[in-house]
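Contents: one structure, followed by commentary.
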Amino acid sequence: MKRKFFLVCGGDRINLSDTHGAFLVNPSGLGFAANLAFGNLGNGFFCTTESGPAQPGITGDLNFANQPYVSYRAFVKAVMPYRDSLILVYKPRLEEYRIDVELEYIQKGEVRRGMLTCPISFRAKTPWYSDKTEVFRVIQPETVNSAKINPYKYSYRYPVLQREKNVIRAGGHIPAALEITVKGASYAPKLELKTLNGATLGKMTLGGLALAKDETLVMSSRYGGEHGVWVGGVNACSYIDLNDNNFFRLPPNQSCILDISDATHKTLDAVVRVYAYYLGV
């Protein structure tokens, strides 16, 4: 299976592996690079004084073969309104990796042998990431034996079955961000991430919050200032204990337990979206 590239702009997904439209060749910048600085200790010894991921720049040549100028203009028209909020998608096999990018430039070349080749460059604003949605019912210990039938039907995977421990895991190279959505009546809901040995990695308790049956609670620990907690779209940070690690993230390649409950020990349904981040793909 050949690798493919796509560009998401607004609600559209442009195929960059279309030999009859836009076709990206010679891509670079998919790996890893670091910003490094060293101090000289003398006698051939050095110490690292600065180390961190460099900002990726993804470059390549975008070829237009079918009515080259018409295809080029259509591409520019679709991309330019969203040039600072694009998502580049890389699909090496079945899995997909995404990266938030801004268009740095696209250079218009000349048509040769029916092909218009345009050098293009994107500057990354995030690491590469993959996101998956897991839908499950958080079973309280006393209800495990009786919960034999799943009455819910979803169009996507339902990976966490009736069990006492709701195990969650993500790959990646840095801690994975979580977006947890809880819907239904509850009082003082509590979200807690623990190791398999029961040690608390992070928790959020919304003391005094009464959630109506038609209300939705959303907690996000996404990077880049996108973390927060909302009820019906309204900021609910006033309910949390600031001494807790409220906006917890999932350690990479480590199985953890995600507990979601409330003060009445009610069983709650949750949709958990996991964002695993990669420093190179």
Side-chain angles (χ1 to χ4, degrees), residues 129 131-144 147 150 152 154 156-172 174-277:
Y129 62 91
D131 61 302
K132 63 178 181 178
T133 301
E134 297 190 355
V135 181
F136 60 88
R137 162 161 284 190
V138 180
I139 302 297
Q140 302 302 321
E142 62 271 18
T143 66
V144 172
N150 169 21
Y152 299 93
Y154 294 98
Y156 34 76
R157 188 174 169 222
Y158 200 103
V160 181
L161 305 178
Q162 289 77 15
R163 58 191 179 190
E164 183 174 341
K165 293 184 177 180
N166 298 281
V167 178
I168 189 169
R169 182 184 177 93
I174 63 175
L178 300 175
E179 186 176 276
I180 303 172
T181 302
V182 181
K183 185 174 182 179
S186 63
Y187 179 72
K190 179 181 177 182
L191 317 175
E192 185 172 9
L193 186 69
K194 299 184 290 187
T195 66
L196 295 182
N197 294 326
T200 297
L201 297 173
K203 68 177 180 179
M204 175 185 289
T205 303
L206 293 100
L209 174 65
L211 200 66
K213 65 179 182 179
D214 59 344
E215 288 185 311
T216 300
L217 168 71
V218 178
M219 187 281 275
S220 172
S221 62
R222 293 192 67 181
Y223 293 87
E226 296 185 38
H227 65 278
V229 58
W230 304 268
V231 174
V234 179
N235 191 318
C237 284
S238 60
Y239 290 96
I240 66 177
D241 185 345
L242 297 179
N243 294 316
D244 293 331
N245 177 22
N246 289 281
F247 303 105
F248 48 82
R249 298 185 175 109
L250 191 61
N253 305 300
Q254 178 181 333
S255 296
C256 296
I257 300 169
L258 179 63
D259 281 344
I260 304 176
S261 61
D262 74 346
T264 65
H265 303 289
K266 177 180 291 186
T267 297
L268 301 175
D269 293 325
V271 176
V272 181
R273 193 170 186 180
V274 181
Y275 294 86
Y277 293 90

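Note that the structure is predicted; figures quoted are calculated from it, not measured.
A 4.5 Å side-chain heavy-atom check between Tyr239 and Val231 finds every atom pair outside the cut-off. Residues Phe248 and Leu258 meet the side-chain proximity criterion, which asks for heavy atoms closer than 4.5 Å. The side-chain heavy atoms of Gln254 and Thr195, taken from C-beta on, include a pair separated by under 4.5 Å. For the pair Val274 and Glu179, the minimum side-chain heavy-atom distance is 4.5 Å or more. Residues Cys237 and Phe247 meet the side-chain proximity criterion, which asks for heavy atoms closer than 4.5 Å.
Atom-to-atom distance recorded for Asp241:CG and Leu206:CG is 10.5 Å, nearest 0.5 angstrom. The OG1 atom of Thr181 sits 10.0 Å away from atom CE of Met219, with the distance rounded to the nearest 0.5 Å. Between atom NZ of residue Lys183 and atom NZ of residue Lys213 there is a gap of 11.0 Å, rounded to the nearest 0.5 Å. The CD1 atom of Ile260 sits 12.5 Å away from the NZ atom of Lys190 when rounded to the nearest 0.5 Å.
Nearest heavy atom pair, residue Gly172 against residue Pro252, reads O-CB, 3.5 Å. Nearest heavy atom pair, residue Asn253 against residue Arg169, reads O-NH2, 3.2 Å. Closest of all the heavy-atom pairs between Val182 and Leu211 is O-CD2, 4.1 Å. For the residue pair Glu192 and Lys203, the shortest heavy atom distance occurs at CG-CB, 3.9 Å. In plain terms, the two heavy atoms of Ser221 and Ala177 that are nearest each other are O-CB, 3.4 Å. Among all heavy-atom pairs drawn from Ala188 and Gly208, the shortest one is CB-N, 4.2 Å.
Here the options are Ile168, Val167, Leu250, the test is side-chain contact (heavy atoms from CB on, under 4.5 Å), and the partner is Ser255; only Val167 passes. The side-chain contact (heavy atoms from CB on, under 4.5 Å) with Val229 is formed by just one residue from the set Leu209, Leu217, Leu191; it is Leu217. For the pairing with Leu193, the side-chain contact (heavy atoms from CB on, under 4.5 Å) check across Leu201, Asn245, Asp259 returns one residue only, Leu201.
Between Tyr277 and Tyr223, the two ring planes are perpendicular [angle over 60°; tilted spans 30° to 60°].
A side-chain donor-acceptor contact under 3.5 Å links Thr264 and Asp262. Side-chain atoms of Ser220 and Glu226 include no donor-acceptor pair closer than 3.5 Å.
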